[in-house]
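What follows is a single structure, written as structure tokens, with notes after it.
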Amino acid sequence: MSTILITGAGSGIGAGLATELAAAGHHILATDLDAEAAEQVAARIRNDGGRADALPLDVSRDESVDALLGALPAPVDVLVNNAGLQHVSRLEDFPMQKWDLLIQVMLTGVARITRALLSTMRERGHGRIVNIGSVHSLVASRYKSAYVAAKHGLLGFSKVLALETADTDITINTVCPAYVHTPLVDKQIAAQARENGLSEEQVVSEIMLKPMPKGVFISIEELAGITAFLMSPAARNITGQTLVVDGGWTAQ
């Protein structure tokens, strides 16, 4: 079984992945800017008989990443870059400080934590890196300029790193789901309702699910299963790839 470090594991997709992958027997290192939230996730896993540790991490700060490296209870086999946030606004009204924060967390932060763990993966001759992208790594939506820019950037980052690690058994791939019903998406629903003058129900049906021919939210179980596959020996030659889980959105 692997030791898996998940960023942004205190809630949403990160917490769900931590729980699902722990149930499969893996050792989870749940990291989050909110250390208490990460500990709550780790405690639930331990209460269910799994193995988990919680560690504070701000991927936007070098000193936080350095502190994490000194506190790791075990070498990291798999890194899941999941930490994220959203801000929905027209560009004219988008605070640049907020714009910079989204890029720092979801793009520069991915490079920062990946860079920090890569040398140990190289020394051990093995590693798996799974980036949680988005359907917005491939298509755009109004009022999400920073988020879309960061998620598009992940694909280029992954391709470059796939080439840089091709000489060893390290892979990096980006999983791009359409909407997963999480607290982050609930906030987006409310924000989109305000920006578009719609009810929240209309946002779900007319904005979020309408582009998806299957018309349903993506589940945590799907994302955990895909992550588990990318960790497996069967995926050792899958690297620099984009796995799109969008209910047919980008097939149209």
Side-chain angles (χ1 to χ4, degrees), residues 1-22 24-46 50-85 100-133 150-151 153-154 157-158 160-161 164-165 168-175 182 184 223-224 227 230-231:
M1 293 290 108
S2 299
T3 295
I4 306 172
L5 189 151
I6 303 174
T7 68
S11 64
I13 291 174
L17 288 176
T19 301
E20 291 290 325
L21 294 170
H26 299 290
H27 177 199
I28 302 300
L29 305 180
T31 73
D32 202 281
L33 181 63
D34 186 338
E36 183 177 346
E39 177 54 41
Q40 289 173 354
V41 171
R44 288 198 299 270
I45 290 171
R46 292 192 296 266
R51 295 182 299 153
D53 296 282
L55 297 161
L57 176 62
D58 180 351
V59 296
S60 71
R61 294 173 54 239
D62 288 333
E63 54 269 33
S64 180
V65 172
D66 291 342
L68 173 80
L69 295 181
L72 290 174
V76 174
D77 301 302
V78 180
L79 168 63
V80 179
N81 285 309
N82 167 75
L85 69 163
D100 290 342
L101 177 61
L102 266 67
I103 300 297
Q104 268 293 328
V105 171
M106 293 186 291
L107 185 55
T108 308
V110 169
R112 182 176 284 111
I113 186 63
T114 301
R115 178 177 180 270
L117 296 174
L118 197 55
S119 60
T120 301
M121 288 183 176
R122 281 193 178 278
E123 289 169 6
R124 303 178 74 217
H126 177 82
R128 297 289 182 264
I129 302 162
V130 179
N131 299 323
I132 303 301
K151 293 300 187 181
L154 271 184
F157 172 77
S158 299
V160 171
L161 201 59
E164 293 184 7
T165 57
T168 189
D169 186 19
I170 296 172
T171 66
I172 177 167
N173 296 286
T174 306
V175 180
T182 65
L184 181 63
L223 298 183
T227 301
L230 292 173
M231 292 163 46

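For this chain, numbers begin at 1 and follow the sequence in order. Only heavy atoms go into these numbers, but all of them, side chains included; no hydrogens, no water, no symmetry mates.
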**Q.** Nearest heavy atoms of H126 and D169, plus distance in Å
**A.** ND1-OD2, 3.0 Å
(Q) For the backbone of A83 and the side chain of T7, can you confirm whether one donor and one acceptor N or O come within less than 3.5 Å of each other? (A) yes
Q | Those residues that, when tested against T171, pass side chain to side chain contact (heavy atoms under 4.5 Å, CB included) (two or more places apart) | A | R128, N173, T239
Q. Taking the side chain as C-beta and beyond, is there a heavy-atom pair between V110 and V59 under 4.5 Å?
A. no
Q: Quick one: do T3 and L72 satisfy side-chain contact (heavy atoms from CB on, under 4.5 Å)? Show the steps, please.
A: CA-CA 11 Å; T3 295; L72 290 174; over 6 Å; no
**Q.** Trace of the side-chain contact (heavy atoms from CB on, under 4.5 Å) decision for E164 with L118
**A.** CA-CA 11 Å; E164 293 184 7; L118 197 55; 5.6 Å; no
Q. How would you list all residue pairs meeting salt bridge (Lys or Arg N to Asp or Glu O under 4.0 Å) that involve residues 55-65, not counting sequence neighbours?
A. R61-E63, D62-R112
Q: Carefully, step by step, assess T174 and F157 under the rule side-chain contact (heavy atoms from CB on, under 4.5 Å).
A: CA-CA 10 Å; T174 306; F157 172 77; over 6 Å; no
Expected list for residues 26-33: side-chain donor-acceptor pairs under 3.5 angstrom, two or more places apart:
residue, atom, partner, partner atom, Å
H26, ND1, S2, N, 3.1
H27, NE2, D53, OD2, 2.7
T31, OG1, I6, O, 2.9
D32, OD1, D34, N, 2.8
D32, OD2, A9, N, 3.3
D32, OD2, G10, N, 2.8

(Q) Less than 4.5 Å apart, side chain to side chain, heavy atoms only: is that true for L55 and P73? (A) yes
Q: Output all residues satisfying side chain to side chain contact (heavy atoms under 4.5 Å, CB included) with I103, sequence neighbours left out; order by chain, then residue number.
A: W99, L107, T108, A149, A150
Q | Summary of side chain to side chain donor-acceptor pair (under 3.5 Å) pairs that have at least one residue in residues 75-84, sequence neighbours excluded | A | D77-R124, N81-T114, N81-N131
Q. Would T165 and I129 satisfy side-chain contact (heavy atoms from CB on, under 4.5 Å), going step by step from the backbone distance to the final call?
A. CA-CA 11 Å; T165 57; I129 302 162; 6.0 Å; no
Q.
If the condition is salt bridge (charged side-chain N to carboxylate O under 4.0 Å, His left out), which residues does R115 pass it with, not counting sequence neighbours?
A. none
Q) How would you list, by chain and number, every residue that makes a side chain to side chain contact (heavy atoms under 4.5 Å, CB included) with A43, sequence neighbours excluded? A) E39, R46
